[in-house]
S.K.: 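Please find one structure pasted underneath; my questions will follow.
Order of the sequence lines sets the chain letters (A, B, ...), proteins ahead of strands, with each chain counted from 1. No hydrogens, no waters, no symmetry mates; every other heavy atom, side chains included, goes into these values. The model shown is predicted, which means the values in this text are computed figures rather than measured ones.
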Number of protein chains: 2
Amino acid sequence: MKLSLTDYISITIHQTDLKLTSCVKAMLAPFNLAPEQNLIMMLLWEKDGLTQNEIAEKLDKDKTNITRMLASLEQKGFIKRSMSSNDRRFLHVYLTEEGNKLGDKIIPITESFHRSVVSGITDKELQEVNRILLKIRQNVK
Amino acid sequence: MKLSLTDYISITIHQTDLKLTSCVKAMLAPFNLAPEQNLIMMLLWEKDGLTQNEIAEKLDKDKTNITRMLASLEQKGFIKRSMSSNDRRFLHVYLTEEGNKLGDKIIPITESFHRSVVSGITDKELQEVNRILLKIRQNVK
DNA sequence: TTCAAATAGTTGTTATAACAACTATTTATA
DNA sequence: TATAAATAGTTGTTATAACAACTATTTGAA
């Protein structure tokens, strides 16, 4: 029996992601921060000094895109990149004063967004969804 | 308690989507078809003659992107656009012979991909994930 | 009936993604 | 030690997305 668009779980996932990303984009726009740039900032707010490659690995992204996003974040004044003195191939990424302050404003907003996303969904259901999404990722590895 | 990256269900969804899209892209590349272009083609294989706006609504996408994707599909020879004689604002989209033939090759491939994506996941689990993803979309509407 | 509003589609801009091809630097090995 | 291989990062290209601003056409309302 031929499948229709709504039968494909990958399409449902894709459209859910688009909707979420669109909301996050609007939410972060006043702070001059794009959604993927925010992911990098979230990593750095936890711990900065990471190299570009480390950021790429942690976010499971192509390093070419990390280069460009960091260039943008640096241009906006949220981060600084400095070459490692041990090995001049490495660029370590540090938060600026402004980048640090941004976290105090953004983190409460993203956590509040998360609460609205999962509203009416139990922890058990969330765990189940997490488990199945992981399974899906493994299936197409 | 501060959330870490893996606590955000929206990030998990996003990364799952990226992985899936990346696979689909590689799968369709030999056919000169991009993933989102394929979504349009899937609609048309079900029923062609839709207007651009109808396609945008069905796929829940911005009509500007539909314009560009259709321009690309037309340039590749898979579709034709023809102005409605009743109302010259409407462009109806039709499959070409080549576009039709493409379906016979692609549909079995996407269905086989779907089976590999959901392998080891029960119908009940899939329904549950679908239900919760829908709930999430409604939460951020 | 005429002009404003609504509708369908297009174009320009910015931000991702993925891939190929590239430079610079370091490491490993013959 | 000289050079090939490995590693970190950059640049160019194509395909989405979202939004603003635009044109062309049709509808609606004074």
Side-chain angles (χ1 to χ4, degrees), chain A residues 11 14-41 50-57 59-76 79 81-93 140, chain B residues 11 14-41 50-57 59-76 79 81-93 140:
Chain A
I11 294 178
H14 183 59
Q15 297 193 333
T16 306
D17 177 44
L18 285 180
K19 174 76 95 181
L20 287 167
T21 300
S22 167
C23 288
V24 171
K25 187 180 174 186
M27 188 174 73
L28 296 179
F31 302 96
N32 191 24
L33 201 61
E36 302 295 333
Q37 290 168 11
N38 186 46
L39 292 188
I40 293 180
M41 293 303 284
L50 299 171
T51 66
Q52 299 197 178
N53 246 7
E54 285 171 334
I55 292 172
E57 272 173 28
L59 296 181
D60 196 22
K61 283 184 189 305
D62 192 292
K63 65 185 174 162
T64 63
N65 304 318
I66 298 294
T67 290
R68 279 181 266 244
M69 287 189 266
L70 286 174
S72 172
L73 286 171
E74 186 163 43
Q75 198 248 308
K76 291 173 183 181
I79 61 142
R81 289 182 282 184
S82 74
M83 190 181 279
S84 165
S85 46
N86 300 340
D87 186 332
R88 294 189 301 166
R89 289 172 303 182
F90 289 84
L91 284 179
H92 293 276
V93 180
V140 297
Chain B
I11 294 178
H14 183 59
Q15 296 193 333
T16 306
D17 177 44
L18 285 180
K19 174 75 95 180
L20 286 167
T21 300
S22 165
C23 287
V24 171
K25 187 179 174 188
M27 189 175 73
L28 296 179
F31 301 96
N32 192 23
L33 201 60
E36 303 294 333
Q37 291 169 11
N38 186 46
L39 292 187
I40 294 179
M41 293 302 285
L50 300 171
T51 66
Q52 298 196 180
N53 246 8
E54 286 171 334
I55 292 172
E57 272 172 28
L59 296 181
D60 195 25
K61 284 185 189 303
D62 192 291
K63 64 184 175 162
T64 63
N65 304 318
I66 299 294
T67 290
R68 278 181 265 246
M69 286 188 268
L70 286 173
S72 171
L73 285 171
E74 186 163 43
Q75 198 248 310
K76 290 174 183 180
I79 60 144
R81 289 183 284 185
S82 75
M83 190 181 279
S84 165
S85 45
N86 299 340
D87 187 332
R88 292 190 301 166
R89 288 173 303 183
F90 290 83
L91 284 180
H92 293 276
V93 180
V140 298

S.K.: What closest approach, in Å, do Val140(A) and Cys23(B) show between heavy atoms, and which atom pair accounts for it?
M.R.: O-SG, 3.4 Å
S.K.: For a quick check of understanding: with a heavy-atom distance under 4.0 Å over all strands, which category does Asn53(B) fall into, base, sugar-phosphate or nothing?
M.R.: sugar-phosphate
S.K.: What is the nucleic acid contact for Thr21(B), judged by heavy atoms within less than 4.0 Å: base, sugar-phosphate only, or nothing?
M.R.: nothing
S.K.: What is the distance from atom CE of Met27(B) to atom OG of Ser22(B), rounded to the nearest 0.5 Å?
M.R.: 11.0 Å
S.K.: Start at the 5' end of DNA chain D and walk down; is the nucleotide closest to Glu57(A) or to Lys19(A) reached first?
M.R.: Glu57(A)
S.K.: Contact between Arg81(B) and Leu70(B) at the side-chain level, heavy atoms closer than 4.5 Å - yes or no?
M.R.: yes
S.K.: What closest approach, in Å, do Leu28(B) and Leu33(B) show between heavy atoms, and which atom pair accounts for it?
M.R.: CB-O, 3.2 Å
S.K.: At a heavy-atom distance below 4.0 Å, which nucleotide of DNA chain D is the first touched by chain B, and which is the last?
M.R.: dA15(D) to dT26(D)
S.K.: Of the residues in residues 28-39 of chain B, which ones touch DNA chain D at a heavy-atom distance under 4.0 Å?
M.R.: Ala34(B), Glu36(B), Gln37(B)
S.K.: Using heavy-atom distances to pick each residue's nearest nucleotide on DNA chain D, tell me which of Phe90(A) and His14(A) is more 5'.
M.R.: Phe90(A)
S.K.: Can you tell me how far the CG atom of Leu91(B) sits from the OG atom of Ser82(B), to the nearest 0.5 Å?
M.R.: 7.5 Å
S.K.: Pick the closest DNA chain C nucleotide for Arg81(B) and for Asn86(A) by heavy atoms, then say which residue is nearer the 5' end.
M.R.: Arg81(B)
S.K.: Heavy atoms only: give me the nearest Gln37(B)-Lys76(B) pair and the separation to one decimal.
M.R.: OE1-NZ, 2.7 Å
S.K.: With the threshold set at under 4.0 Å for non-hydrogen atoms, list the residues of residues 67-75 of chain B touching DNA chain D in residue-number order.
M.R.: Arg68(B), Met69(B)
S.K.: Between Glu36(B) and His14(A), is any side-chain donor less than 3.5 angstrom from a side-chain acceptor?
M.R.: yes
S.K.: How long is the span from the OG1 atom in Thr51(B) to the CZ atom in Arg89(B), to the nearest 0.5 Å?
M.R.: 11.0 Å
S.K.: To check you understand the geometry: which heavy-atom pair defines the closest contact between Gln52(B) and Ile66(B), and what is its length?
M.R.: O-CG2, 3.8 Å
S.K.: I want to confirm an ordering. Mapping Arg88(A) and Lys25(A) to their closest nucleotides on DNA chain C, which one lands closer to the 5' end?
M.R.: Lys25(A)
S.K.: Under 4.0 Å, counting only non-hydrogen atoms across every strand here, what does Asp87(B) touch: a base, just sugar-phosphate, or nothing?
M.R.: sugar-phosphate
S.K.: Quick check for you: to the nearest 0.5 Å, what is the distance between Ile79(B) atom CD1 and Ile55(B) atom CD1?
M.R.: 7.0 Å
S.K.: Looking only at heavy atoms, what is the nearest atom pair of Leu18(B) and Lys61(A), with distance?
M.R.: CD1-NZ, 3.7 Å
